[in-house]
Amino acid sequence: MGDSGGVGPVLALTLLFSYLWTLSQGTELRFVTCGSIVKLLNVKHNVRLHSHDVRYGSGSGQQSVTGVTAVEDSNSYWSVRGTGSAACQRGTPVRCGQTIRLTHVNTGRNLHSHHFSSPLSANQEVSAFGEDGEGDTLDEWTVLCGGELWEREEPVRLRHAATEGLLSVTGEQYGRPIHGQREVHAMRHASQHNYWRAMEGVFVKPSEVPGRDARRTLHTEF
């Protein structure tokens, strides 16, 4: 089995610590690493990948995933994890071409997609699915980047492993109850709408030893 540990109170505690201090960026923190908690910015539309306990009123009826302009919203944190078939050892840089899960920290549901139509653009719906980090194979996304490893400064694409849809934003906005938030969906063709960059978060150093107290092994960057 892969890294299927749930999202529990220890992660909430580390997020609290992330507001208390900042470390200068070193060479070892150039990459997005397994076990890190990040916010992902859509480069084209300047919105962060977001979720909350609001369900779609159509399609799958699962927890909605949107894009928000607010920088400080805690509902935009996602944990980088392994899949059900491939472990993602804490602190290891994510490889270009590696398949991962992104688990929403506040609700414990995984970034997910399937063949339902998205509510505004009728593209492929993206939702949050599962409980406490446990879901299914439709929660798996492949990181597409130009080098060997996912560099934090590099915009990347996230391709849904099962359907090959690219995580995207094209600008459609919701009304009530999530007024102004952008629709997030998946699209088959590559464009400027599906580039994402790692932003604020709690980044695990590659040199850290798995199994240590999380309060000691997590390092923050903004």
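Note that the NE2 atom of His185 and the OG1 atom of Thr170 stand 3.5 Å from one another [nearest 0.5 Å]. Going from atom CG of Leu111 over to atom CG of Leu138 covers 11.5 Å, rounded to the nearest 0.5 Å. Atom OG in Ser168 sits 5.0 Å away from atom CE in Met187 (nearest 0.5 Å). Atom CE in Met199 sits 9.5 Å away from atom CZ in Arg152 (nearest 0.5 Å). One distance of note links CG of Leu49 with CZ of Arg182; it measures 14.0 Å at 0.5 Å rounding. Atoms NE2 and OG, on His52 and Ser64 in that order, are 3.0 Å from each other to the nearest 0.5 Å.
With hydrogens and angles left out, the side-chain atoms of Ser121 and Glu183 include a donor and acceptor closer than 3.5 Å. In the model, Ser51 has a side-chain atom that pairs as donor or acceptor with a side-chain atom of Gln63 under 3.5 Å. Side-chain polar atoms of Asp73 and His50 form a donor-acceptor pair below 3.5 angstrom. Checking Asn110 against Thr103 by side-chain atom types alone, a donor-acceptor pair falls below 3.5 Å. Using modelled atom types and a 3.5 Å distance limit, the side chains of Glu140 and Thr99 yield no donor-acceptor pair.
With respect to the salt-bridge test (charged N to carboxylate O, under 4.0 angstrom), the residues Arg30 and Glu153 do not qualify.
What you find for Gly165 and Trp141 is that their closest heavy atoms are O-CZ3, 4.0 Å. Scanning all heavy atoms of the two residues, the minimum distance from Cys96 to Trp150 falls at SG-N, 4.2 Å. The two residues Phe116 and Gly59 come nearest to each other via the heavy atoms CD2-C, 3.6 Å. Of all heavy-atom pairs spanning Ala186 and Asn123, the tightest one is O-CB, 3.6 Å. Among all heavy-atom pairs drawn from Val105 and Ser79, the shortest one is CG2-N, 4.0 Å. Contact between Gln98 and Cys34 at its shortest, heavy atoms only, is NE2-SG, 4.1 Å.
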Carefully, step by step, assess Ser60 and Glu125 under the rule side chain to side chain contact (heavy atoms under 4.5 Å, CB included). CA-CA 8 Å; Ser60 69; Glu125 184 189 273; 2.5 Å; yes

Could you walk me through whether Glu164 and Arg159 pass salt bridge (Lys or Arg N to Asp or Glu O under 4.0 Å), step by step? CA-CA 6 Å; Glu164 299 189 346; Arg159 184 178 64 202; 5.6 Å; no

Leu158 vs Leu166, side chain to side chain contact (heavy atoms under 4.5 Å, CB included): CA-CA, chis, key distance, verdict: CA-CA 6 Å; Leu158 296 167; Leu166 296 165; over 6 Å; no

Residue pair Tyr77, Lys39: steps toward the side chain to side chain contact (heavy atoms under 4.5 Å, CB included) verdict: CA-CA 5 Å; Tyr77 281 112; Lys39 291 184 178 183; 3.6 Å; yes

Can His114 and Thr163 be said to form a side chain to side chain contact (heavy atoms under 4.5 Å, CB included), step by step? CA-CA 7 Å; His114 36 219; Thr163 66; 6.0 Å; no

I'd like to know whether Ser118 forms a side-chain hydrogen bond (donor to acceptor under 3.5 Å, both in side chains) with Gln124, so could you lay out the CA-CA distance, the side-chain angles of the two residues, the decisive distance to 0.1 Å, and finally the verdict. CA-CA 5 Å; Ser118 61; Gln124 183 174 308; over 6 Å; no

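Both Leu167 and Val38 belong to a common hydrophobic cluster when Ile, Leu, Val, Met, Phe, Trp and Tyr are linked at side-chain heavy-atom distances under 4.5 angstrom. Residues Leu144 and Leu40 do not share a hydrophobic cluster, defined by chaining ILVMFWY side chains whose heavy atoms lie under 4.5 Å apart. Taken together through direct or relayed side-chain contacts under 4.5 Å among Ile, Leu, Val, Met, Phe, Trp and Tyr, Trp78 and Val47 form part of one hydrophobic cluster. Val80 and Val184 fall within the same hydrophobic cluster, where Ile, Leu, Val, Met, Phe, Trp and Tyr residues are linked whenever their side-chain heavy atoms come under 4.5 Å apart, directly or through other members. The hydrophobic cluster containing Val156 does not contain Val43, counting ILVMFWY residues as joined when their side-chain heavy atoms lie under 4.5 angstrom apart, directly or transitively.
The main-chain N or O of Ala86 is found under 3.5 Å from a side-chain atom of Thr83 such that the two form a donor-acceptor pair. With hydrogens and angles ignored, the 3.5 Å screen pairs a side-chain donor or acceptor of Glu154 with a backbone N or O of Gly146. Within the 3.5 Å criterion, the main-chain N or O of Ser127 finds no donor-acceptor partner in the side chain of Tyr56. Listed for the Arg109 side chain is no donor-acceptor partner under 3.5 Å among the backbone atoms of Gln62. Thr33 places a side-chain N or O within donor-acceptor distance of the main-chain N or O of Val204, the cut-off being under 3.5 Å.
Sparse packing is recorded around CZ of Arg95, with 12 or fewer heavy atoms of other residues, nucleotides or ligands lying under 6.0 Å away. Shown here is Gln173, whose CD atom has more than 12 heavy atoms of other residues, nucleotides or ligands within 6.0 Å.
Residues Asn42 and Tyr195 have side chains not in contact (no heavy-atom distance under 4.5 Å, counting atoms from C-beta outward).
Of the candidates Thr137, Asp136, Val126, Asp136 is the only one forming a side chain to side chain contact (heavy atoms under 4.5 Å, CB included) with His112.
Between His193 and His45, the ring-plane angle classifies as parallel under the 30° and 60° cut-offs.
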